[in-house]
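To keep things clear, I will list the structure first and then write my remarks on it.
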There are 2 protein chains.
Amino acid sequence: MAVTIYDIAREAKVGIGTVSRVLNNSPKVTSETRDRVVTVAKRLNYQPHAFAQALARKRSNTLSAVIPFFTNYFFIQVLQGVQETLAAVGYDLIIHGANTQLQLEEYLDHSMRKGRVDGTLLFSLTLPDRFADFFLEKKNPLVLVDTYHPLFDSIRVDNTEGAKKATEHLLSLGHRTIGMMNANLNSVPARERLLSFKETMNVHGVEVQDEYIINSSYTKNDGFSREAGYEGMLEFLRRGVKLPSAFFVSSDIQAIGMIAALRENNIHVPEDIAIVSFDDIELAKYFNLTTMQQPMFNMGELAVKKMLERIENPSAPISSINFTPTLVVRSSCGANKNFVLNDNR
Amino acid sequence: MAVTIYDIAREAKVGIGTVSRVLNNSPKVTSETRDRVVTVAKRLNYQPHAFAQALARKRSNTLSAVIPFFTNYFFIQVLQGVQETLAAVGYDLIIHGANTQLQLEEYLDHSMRKGRVDGTLLFSLTLPDRFADFFLEKKNPLVLVDTYHPLFDSIRVDNTEGAKKATEHLLSLGHRTIGMMNANLNSVPARERLLSFKETMNVHGVEVQDEYIINSSYTKNDGFSREAGYEGMLEFLRRGVKLPSAFFVSSDIQAIGMIAALRENNIHVPEDIAIVSFDDIELAKYFNLTTMQQPMFNMGELAVKKMLERIENPSAPISSINFTPTLVVRSSCGANKNFVLNDNR
DNA sequence: GTTTTCTGTGGAAGGGCTTTCAGGAACTTA
DNA sequence: TAAGTTCCTGAAAGCCCTTCCACAGAAAAC
C-alpha cells in the first residue's frame, strides 16, 4: 500500500500532527525533528495523497477549463498560456470540451461537481443567466475569457479598437473603397467589429458602401470559418459588383477561404485587392496575412492570474480587462512584401 | 455548507449507508426507500463530493495526459479523441504540457502524485526506464500514444507501412528519381520512415540516390517543423544537385516549408516536382498536400479505451496497436488536381 | 524557588464518502 | 410454534490528510 503520514510518524517516532506540520512547512517545529521527519519521508518516498489533502483542506489546487477548443487555433494558444501559468504554481487543469451553448449547459448541469475544482475558466461561450446564480451561490469562482458577464471577471479583446486599427491601416495605405467580410452577426465580436469598422470609416470621411459588407449566414462557428469566407466571397463575386480595393476580414480563417475563392477567379492578393484580417492564428503566418494580433498566450496567463486573485480574495471588485490587438504587417495588404519566414512559435 | 449524505439521511429518515447504496444503485434497497432517498436528494440538489468519493473508493475517475501539445496539430486532434471518449464515460482529464524529455522527467519527478489519477496517457515522448519501474511498482496504468515501451500498452502509427504506401504512390505515378526530405534521425519515426522508403524503392528496383536524401539537423521538434523543411530545401538547392521528380516528405509541416523554399526559386508543385508527405494535419488541406493520414482522433479514442480496459484488468497481456496510415490524394503530386474545398472538420 | 508564559508536540476530531458487519423484521421450513 | 433463512437497514470503521486543543517541559518573570 502507499506510504502515509502514519508510517512516517512511526518511523520518525513523532506524531502525525508533527509530520503534517513538517510537510506543510509550519514554522512551529524544531529543526531537529524536522530533519528527522524529512529524512524518513524521503527514504520512504512519501507522496501526499492529493484527495485526502483536498478533502481536509477544502481546496483542491485544481481549475477546470471549459473550452470550445476544437473549433479553432485561438483556444489552443490561450490554453497554452493557461497551462504554463498553472503549472508554475502547482495547480492542475481539468479540461472540458464544450463546442456549443448546448454542450455548455449540459456540462454545467451534469458534471459541475462542487468541491472538485477551486475555480472555473469559461471560454468564448456565453454564460446562461440561470448558471450565474449557481456560481454565485456556490461561491465557485468563475473567470470568463473572450466572453462577458457583468457579474464575473472577464478578459477580452477590444474588438472596437482592433477593427479601428485595421481599418485605419487600410485607410493609411490610401484605400478608399473598403469592404468588410464579416462573420455571423449573431456573434458579439462580429457585431462589434462591424460597428467599429463603419464608425472608423465615417470618422475619416470615407463612405461605407453597403454592398461591400458581407455578413455570413453560417451558424457553424458563427461564420468564423474558412468555408464562410470562401462561399461568402464566391457569392459576392457572383453578384457582379465591382470589387473594392481592400477588405477588412473579421478573422484569419475567413480570409484564407476568401483568398482561395479570389484565386479561383484569378484575383490576386495583394496585387488586385488588399486584405487585413483579425486574430493572427498560426496559419496567418503561412498565408502572409496582415492581421490584428490577439495576445492569446497572455490572455490565458492573465485569466489564471485573475482566477488566483479571486480565489484569494472572493470579495474583490469584479474586473473586466480588455486587451488591445496589435497590427501585424505581412504582405496581404501590400504594405510590406517582405515575406517573413521564421518559424518562431 | 454543501449538502451531504447525512443531510439526506436525516430528511429521508434512513441511515447514511442506505443513502450511499441508493446513490450507487446498489440492488439491495427496497424500491420504496430508494424512491424516498432519491426524492430528497433531488430536492436538496445533492452533488456527491468527488474527493470524498475518490478517497473512499480509491478511484478517482480521472486520467492524466502528458502531452507536448503545443508543438503541433497532431496532438490537438488526438486530444479531441481522448476528451470526447472520456466525457462519454464520465471521466475527467487532467492535462500536463511537457514539450521536451526534460520537462517530462520533471513532471514525473515532481507532480506524479499517487492517488491523483487512475491512469496516465503519455504522448510521443520516450518513457525513461527509471520511470517504467515507477509505474509498474505503483501499479499505475500507463498507455503510450505515438511512442513505445515493451512493458506498456502502446498505440502507434505504422511508419513503415505508411512510408511504403507513400513511396509506392509516387512510383505508381511513374516517378523514378525520388528524394526524401526527412526529419532528424534522432527521432524514431524519422528513422523508420527513411528505412521503409529505401526498402520500398529497392523492392521496386528503383535506385535510391543518397544525394536526394535530406536529413534534418534541427533539434527543435526533431526537425518536424516548417523551418526545417524550408532551410533543408534551400540548402539542397544551393548544392546545385539536379532535382528529383518527386519527394517523399516526413511531415506535412516540413512539406509546407519546403514548398515555400521551392516557390522562392520558381519551382512549382506539382508541375515541376511532386510531393507526398505524412500526417494530414488540418493545414495539409489548405496546401493541397497529398499525404499519409494518421487517424488521430481514433488514436485518442482507442488510447482511452485501452486505458479503461487496463484499469479493469491490470494483468491483461500488454498490447501494442499499430494504425496504418491511409493515403489522402490531393494535388501536390499531380495525381489529382481537383481542389477539395470543403471545410469539413 | 515558585509562578507564569511560551514552545513544541501528540493525538483526536473532522472532512464526505464507501463498505463491512451485525442485527431486526419478515419469511420459510419442520 | 420454534428454529432457520433471507432481506434490508443502520451505524461504525476506514480512506489520508489538516487543524485544533491540551499538555508537558523549558524558558522567562517575579
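Here the structure is a predicted model, which means the values were calculated and not measured. Within every chain, numbering begins at 1; the chains are lettered A, B, ... in the order of the sequence lines, protein sequences first and strands thereafter.
- For the pair D118(B) (side chain) and N61(B) (backbone), a donor-acceptor distance under 3.5 Å is present.
- For F51(B) and dG14(D), the CZ to C1' distance is 20 Å, given to the nearest whole Å.
- For the pair Q53(B) and dG16(C), the criterion of a side-chain N or O lying under 4.0 Å from OP1 or OP2 is not met.
- R21(B) contributes a side-chain N or O that forms a donor-acceptor pair with the base of dG10(D) under 3.5 Å.
- Protein atom NZ of K58(A) is 11 Å distant from nucleotide atom P of dT19(D), rounded to whole Å.
- Near DNA chain C, meaning a heavy atom under 4.0 Å from it, residues 7-17 of chain A has K13(A), V14(A), G15(A), I16(A), G17(A) in order of number.
- For N24(B) and R57(B), the side-chain atoms include at least one donor-acceptor pair closer than 3.5 Å.
- Donor-acceptor pairing under 3.5 Å, judged by distance alone, is absent between the side chain of Y6(A) and the base of dC15(D).
- Between dC15(D) and T4(A), no contact under 4.0 Å exists linking OP1 or OP2 to a side-chain N or O.
- Proximity of T30(B) to the phosphate of dT9(D): a side-chain N or O atom is located under 4.0 Å from OP1 or OP2.
- Between A56(B) and S20(A), the residue anchored closer to the 5' end of DNA chain D is A56(B), taking for each the nucleotide with the nearest heavy atom.
- For T18(B), the listed nucleotide lying nearest its side chain is dT9(D); candidates were dG16(C), dC17(D), dT9(D).
- Between V29(A) and N24(B), the residue anchored nearer the 5' end of DNA chain C, judged by the nucleotide with its closest heavy atom, is V29(A).
- Under the 4.0 Å criterion applied to side-chain N and carboxylate O atoms, K305(B) and E301(B) are assigned as salt-bridge partners.
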Handout entry: Stepwise side-chain hydrogen bond (donor to acceptor under 3.5 Å, both in side chains) test for T147(B) and T126(B)
Key = CA-CA 6 Å; T147(B) 173; T126(B) 305; 4.6 Å; no
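- A straight line from CG of L23(B) to C1' of dT19(C) spans 14 Å, rounded to a whole angstrom.
- Side chain of R156(B) to main chain of N322(B): no donor-acceptor pair is present (N/O by atom type, distance under 3.5 Å, no hydrogens or angles).
- Using cut-offs of 30° and 60° on the angle between ring planes, the pair F51(B) and F51(A) is tilted.
- Closest to the side chain of R57(A), from the set dG16(C), dT9(D), dT18(D), is dT18(D).
- For E11(B) and K42(B), the salt-bridge test fails: no basic side-chain N is under 4.0 Å from an acidic carboxylate O.
- Following rounding to the nearest Å, I5(A) (CD1) and dG10(C) (C1') show an atom-to-atom distance of 12 Å.
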